[in-house]
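Accompanying notes for the structure given below.
A quick note: this is a predicted structure, and the numbers were derived from the prediction, not measured. Heavy atoms only: backbone and side chains are in, while hydrogens, waters and symmetry mates are out.
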Amino acid sequence: MSNESHIIMDETAIRRALTRIAHEILERNKGIEGCVLAGIKTRGVYLAKRLAERLESIEGTVIPWGELDVTNYRDDKEGPAQGSGKATFPVSIQGKKVILFDDVLYTGRTIRAAMDAIMDCGRPESIQLAVLADRGHRELPIRADYIGKNVPTSRAEEIEVLLTEHDGTDLVRILQAREGN
């Protein structure tokens, strides 16, 4: 049996999820004042940028956003780190509400690494988490504040997020593992 995939979000569903998340963020934080978005490389950065654009169109105010490369903060990767392992923010995050965005929430280890990277940049008032897809199977006590779609999966399955900026199309799908894997 070869790899099979099942589409769970198309371009329209992704757009709607981001719009809903934007409204949830605005409601919870009573606007975007004092908020900074942080996207986890690679696809989380594109999602954070899209979210910043949504928030600006709704509120009429620009929300700063930055990028996180958490490679050097990971505790579950063997061998030498590939990335720079740093955060790039256009403003200080000291005392701000940082809204972290990633494409898929799985074990929680990437988010833990991202929180370490953020704390190396300053002490935010709070860190909130937004994800496009939450697939479960946490190894750490981490939960998302804003979720595009809950997608129950088996450990043998994978969630693949494709975004136009990186992959040429917007799509989220479940990949079924091959027999024997």
Of all the heavy-atom pairs spanning Val151 and Ala133, show the shortest one and how long it is.
CG2-CB, 4.3 Å
Is there a path of hydrophobic side-chain contacts, each under 4.5 Å between heavy atoms of I, L, V, M, F, W or Y residues, that connects Val45 with Ile63?
yes
At what distance, to the nearest 0.5 angstrom, does OG1 of Thr42 lie from CG of Leu163?
10.0 Å
Can you see which heavy atom on Ala117 is nearest to which on Ala87, and at what distance?
O-CB, 4.5 Å
Using side chain to side chain contact (heavy atoms under 4.5 Å, CB included), reason through Arg138 and Leu105 one step at a time and then give a plain yes or no.
CA-CA 8 Å; Arg138 229 60 93 237; Leu105 178 55; 3.3 Å; yes
Is there a donor-acceptor pair under 3.5 Å between the side chain of Asn29 and the backbone N or O of Ile32?
no
Applying side-chain hydrogen bond (donor to acceptor under 3.5 Å, both in side chains) to Arg54 and not counting sequence neighbours gives Thr19
Restricting to pairs with a member in residues 159-168, which pass side-chain hydrogen bond (donor to acceptor under 3.5 Å, both in side chains), not counting sequence neighbours?
Arg43-His166, Arg43-Asp167, Arg50-Glu165, Glu160-Arg173, Thr164-Asp170
How far apart are the C-alpha atoms of Gln94 and Arg123, what are their side-chain angles, what is the distance that settles it, and do they pass the side chain to side chain contact (heavy atoms under 4.5 Å, CB included) test?
CA-CA 5 Å; Gln94 192 72 29; Arg123 188 174 192 281; 3.6 Å; yes
Provide the closest heavy-atom pair for Gly148 versus Arg20 in the form atom of the first, atom of the second, distance.
O-NH2, 2.7 Å
Looking at Leu175, is its backbone amide N or carbonyl O close enough to the side chain of Glu157 to form a donor-acceptor pair, meaning the two atoms are under 3.5 Å apart?
no
List for me each residue that meets salt bridge (Lys or Arg N to Asp or Glu O under 4.0 Å) alongside Lys149, sequence neighbours excluded, and say none if there are none.
none
For Tyr106, which fellow cluster members are found when Ile, Leu, Val, Met, Phe, Trp and Tyr are connected by side-chain heavy-atom distances below 4.5 angstrom, either directly or through intermediates?
none
Inter-residue atom distance Leu68.CG - Phe101.CZ, 0.5 Å rounding
13.5 Å
Roughly how far apart are Ile174 CD1 and Ile8 CD1, rounded to 0.5 Å?
4.5 Å
Lys97 to Glu125 - nearest heavy-atom pair and separation
CE-OE2, 3.4 Å
Main-chain N/O of Thr153 paired with His137 side-chain donor or acceptor, under 3.5 Å:
yes
Quick check: is Val98 connected to Leu37 through a chain of hydrophobic side chains (ILVMFWY, heavy atoms under 4.5 Å apart)?
no
Taking only residues two or more places apart in sequence or in another chain, which ones pass side chain to side chain contact (heavy atoms under 4.5 Å, CB included) with Arg16?
Thr12
Does Glu158, at its CD atom, have more than 12 non-hydrogen atoms belonging to other residues, nucleotides or ligands within less than 6.0 Å?
no
Atom pair CD/NE2 of Gln176 and His6 - distance to nearest 0.5 Å:
8.5 Å
Consider side chain to side chain donor-acceptor pair (under 3.5 Å). Of Asp120, Asp116, Thr110, which one does Tyr73 pass it with?
Asp120
Spell out, yes or no, whether Ile127 and Ile147 are grouped together once hydrophobic residues are joined by side-chain heavy atoms under 4.5 Å, including indirect joins.
yes
Rounding to 0.5 Å, atoms CD1 (Ile25) and CG (Leu51) come to a distance of 4.5 Å
Nearest heavy-atom pair of Pro64 and Pro90: which atoms, and what distance?
CB-CG, 3.8 Å
What residues join Leu171 in its hydrophobic cluster, counting side-chain heavy atom gaps under 4.5 Å, either direct or through other members?
Ile7, Leu162
Are Ile99 and Trp65 side-chain neighbours, meaning at least one heavy-atom pair lies under 4.5 Å?
no
So if you build clusters from Ile, Leu, Val, Met, Phe, Trp, Tyr with side-chain heavy-atom gaps below 4.5 Å, do Leu47 and Val172 land together?
yes
Minimum heavy-atom separation for Leu140 to Gly108, with atom names?
CD1-O, 3.7 Å
Donor-acceptor under 3.5 Å (Asp145 side chain, Leu129 main chain)
yes
Straight-line distance of Leu18 CG to Leu132 CG, nearest 0.5 Å
6.0 Å
Using the rule that two of Ile, Leu, Val, Met, Phe, Trp, Tyr join whenever any of their side-chain heavy atoms come within less than 4.5 Å, decide whether Val70 and Val104 are in one cluster.
no
